[in-house]
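Take a look at the structure below.
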Number of protein chains: 2
Amino acid sequence: MSLNPRAELLLKALIERYIADGEPVGSRTLARSVGLDLSPATIRNVMSDLEELGFVESPHTSAGRVPTELGYRFFVDTLLKVQPLAPGEVRRLREEFDPGHDPQQLMHTASQLLSEVSHLTGIVMVPRRDDQIAFRHLDFVRLADKRILAILVTQDAQVHNRILTTDHEYSASELEQAANYFNTRYAGVSVRDIKRGLLNEMKQASDDLSRIMQLAIRAAGEALEGESEGDDLFVRGEEKLMDIPDLGDIKKLRRLFEAFNTKRDLLHLLDRSLRAGGVKIFIGAESGYDVLSDCSVVTAPYSIDGQIVGTLGVIGPTRMAYDHVIPIVDITARLLSSALSVGERSASLEKEDQ
Amino acid sequence: MSLNPRAELLLKALIERYIADGEPVGSRTLARSVGLDLSPATIRNVMSDLEELGFVESPHTSAGRVPTELGYRFFVDTLLKVQPLAPGEVRRLREEFDPGHDPQQLMHTASQLLSEVSHLTGIVMVPRRDDQIAFRHLDFVRLADKRILAILVTQDAQVHNRILTTDHEYSASELEQAANYFNTRYAGVSVRDIKRGLLNEMKQASDDLSRIMQLAIRAAGEALEGESEGDDLFVRGEEKLMDIPDLGDIKKLRRLFEAFNTKRDLLHLLDRSLRAGGVKIFIGAESGYDVLSDCSVVTAPYSIDGQIVGTLGVIGPTRMAYDHVIPIVDITARLLSSALSVGERSASLEKEDQ
DNA sequence: ATTTAGCACTCTCGAAAAGCGAGTGCTAGC
DNA sequence: GCTAGCACTCGCTTTTCGAGAGTGCTAAAT
């Protein structure tokens, strides 16, 4: 679907104006704000066409025009020129990402920064895909009788832990032995492969060893899975959503906040955008979740050592400054990737983020 | 300050009614709802007295009466009879506290339950007082060059971790040696004492050992302190606050949500109620934080093996069902204490919670 | 064929006005 | 000390009205 250049220009001007002011844009205003020397009447004719095509609509007979979701979509796809970030903001972001921190902390930082810099709600999905995360280190700590604390460190330096209750009492040296065996044997192997490998192994192994290894496999499995509820999503700056006037209606807002606590829908959405590389934008109902119906979500995947492991982004009103938000999300994803990657700094960042 | 019995009865009836309906209570309504056979006019006279004393007020000339903060205070202090919890709710709470879980998870559960059962916002403060928490186990994991992951387990089976960047490269065996030394020597000692002890020790020790121990002290110190921002407070069910009609004004609500993210004020408040044992109630401005001006906070401390370590509670409208909320907070605190205590089950719970 | 000027029309928003209902305070009588 | 009655006060809702903004249409101009 293509538009004549003048119509495009006007649509662009209208959307930018609407994003800036939040009020329906009338023909006179638009005539003045756009460079072309056209009378309001002409503009009205063009608007009429745009309305026909579904790009704009008017809230009521005598208000100006407002972009529809389709209009926004066309805008971000073909009209939008993203603004380079202010150097100050880039510096700010870069400084806050201290690669010396552990992943949890980095993701926390990321969500916080996304929120602060964009003035929207920042979200970071924590990776929890056992096929992509490699095992690094396992450690047992004896608690009371038959209760053992299993600590599992993954390649990304993330620490998972879980209390196991066993039916047999293990000695400290037994535990140490099991941990050692496990550590030397499985370092660097993906968690999923370990699970498979262990299943085989247990069939062959002697009874005694097998019992301890059974423990180890439980530790590995449960430490990762048990957490799935809880620490899998960072959300910061939820309160910023209260500034969205379209959500004046508290009911909607409440449902949105419930969604933050349930997390399920949000995780699905982020998971969807995991597959597609690069910045992805969901406008209003496009997300498919009607809690997000008046919101847009801008996401970007982030990676560890080149492998995509999670998604981050922001949630805000459909009427957001996409040209500003997109680079923020983009750069934050890169910075996080780079800080998480234990290897050398990602070269792509150095090249592109100025 | 004492009231004649009839006035007390009426005040009690008025507050209960107001808590139930949320609307100013007029003399006729009150006359009907209270058992006494009095005419509205008589009630009006009593109300006039109560208003004089500052227990009630009317929003405007011709509305019913509404309790003041002083009224609520008098109510909870001397008129309130707490309702025993419904057996179903007690069972529900008890079942959810699986002592097999780790502390983080238990606290998460606690905040979730507080919110669900009370229909208010649940908060749990995570203890982080280094003088009360004993050291249990330390472990180092080598990451890339000069980056070491320190994992510290405290007596309550809480796992803390931190990435240290060192200026010297340590071998795996050096690290193991340091951890071993530390573990055998300091098991059971409070974290604060370890810090002090180490300072002395480092002056005497040889250079080589001292360097490794320096690492250990950094690990111990930073692992605990580095977390102070982030995981120190669980808040669940914030969205329930949106149902408070007194906060219809979004501005106030927004400030409140900001307070949840800042956490500072909330932590102070919870810290204050740490000292006083038992359930503590802050009504409106009593908390001293004006974000909480239209809210009440009901808190109770919880303990590990008999020693108070943290506080939990709920935040809701001043107009909340105190008789119901108080036992919820009370029992949740006990159940959490009991689940956290690695020793035998706390006897006090068994006795009192029915 | 496109653009423009003019004009009648529609609709929202805010202020002002009116009516309703709930509840009070007061006074006089029981 | 309690109650009945009554005038009065407010807040809330609905209505009315006018102003303002912006549109669509038509007819003229380029």
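Proteins come first, then strands; the chains are lettered A, B, ... in the order of their sequence lines, and each starts at number 1. All values derive from a computational prediction rather than experimental measurement.
Residue B/R65 has no polar side-chain atom (N or O) positioned under 4.0 Å from OP1 or OP2 of C/dG23. For A/R28 and D/dG20, the shortest distance from a side-chain N or O to OP1 or OP2 is not below 4.0 Å. Residue B/R44 places none of its side-chain N or O atoms closer than 4.0 Å to OP1 or OP2 of C/dT27. Regarding contacts with the backbone of C/dG23, every side-chain N or O of B/S62 stays at 4.0 angstrom or more from both OP1 and OP2. In this model, the phosphate group of C/dT4 is approached by a side-chain N or O of A/S39 to a distance below 4.0 Å at OP1 or OP2.
Projected onto DNA chain C by closest heavy-atom contact, B/G64 and B/N45 fall at different nucleotides, the more 5' of which corresponds to B/G64. Looking at which nucleotide of DNA chain D each of B/D37 and B/H60 is closest to, the 5′-most match is held by B/D37.
Side-chain contact of A/S115 with A/R236: a donor-acceptor pair under 3.5 Å is absent, judged by distance alone. Under the 3.5 Å distance criterion, with hydrogens and angles disregarded, a donor-acceptor pair is assigned to the side chains of B/N261 and A/E238.
With hydrogens and angles ignored, the 3.5 Å screen pairs a side-chain donor or acceptor of B/T332 with a backbone N or O of B/I328. With A/R319 contributing its side chain and A/I19 its backbone, the two residues share a donor-acceptor pair below 3.5 Å.
When distances are taken from the side chain of B/T61 to each of D/dG24, D/dT3, D/dC10, the shortest belongs to D/dC10. Of the listed nucleotides (D/dT3, C/dA5, C/dC11), D/dT3 has the atom at the smallest distance from the side chain of B/T42. Comparing D/dC2, D/dA21, D/dT3 by their closest approach to the side chain of B/A41 singles out D/dT3.
One interatomic measurement links the two molecules: CG of B/L50 to C1' of C/dG25, which rounds to 16 Å at whole-angstrom precision. Rounded to whole Å, atom C1' of C/dC11 lies 16 Å from atom CD of A/E57. Rounded to a whole Å, the CG atom of B/L36 is 16 Å from the P atom of D/dG1.
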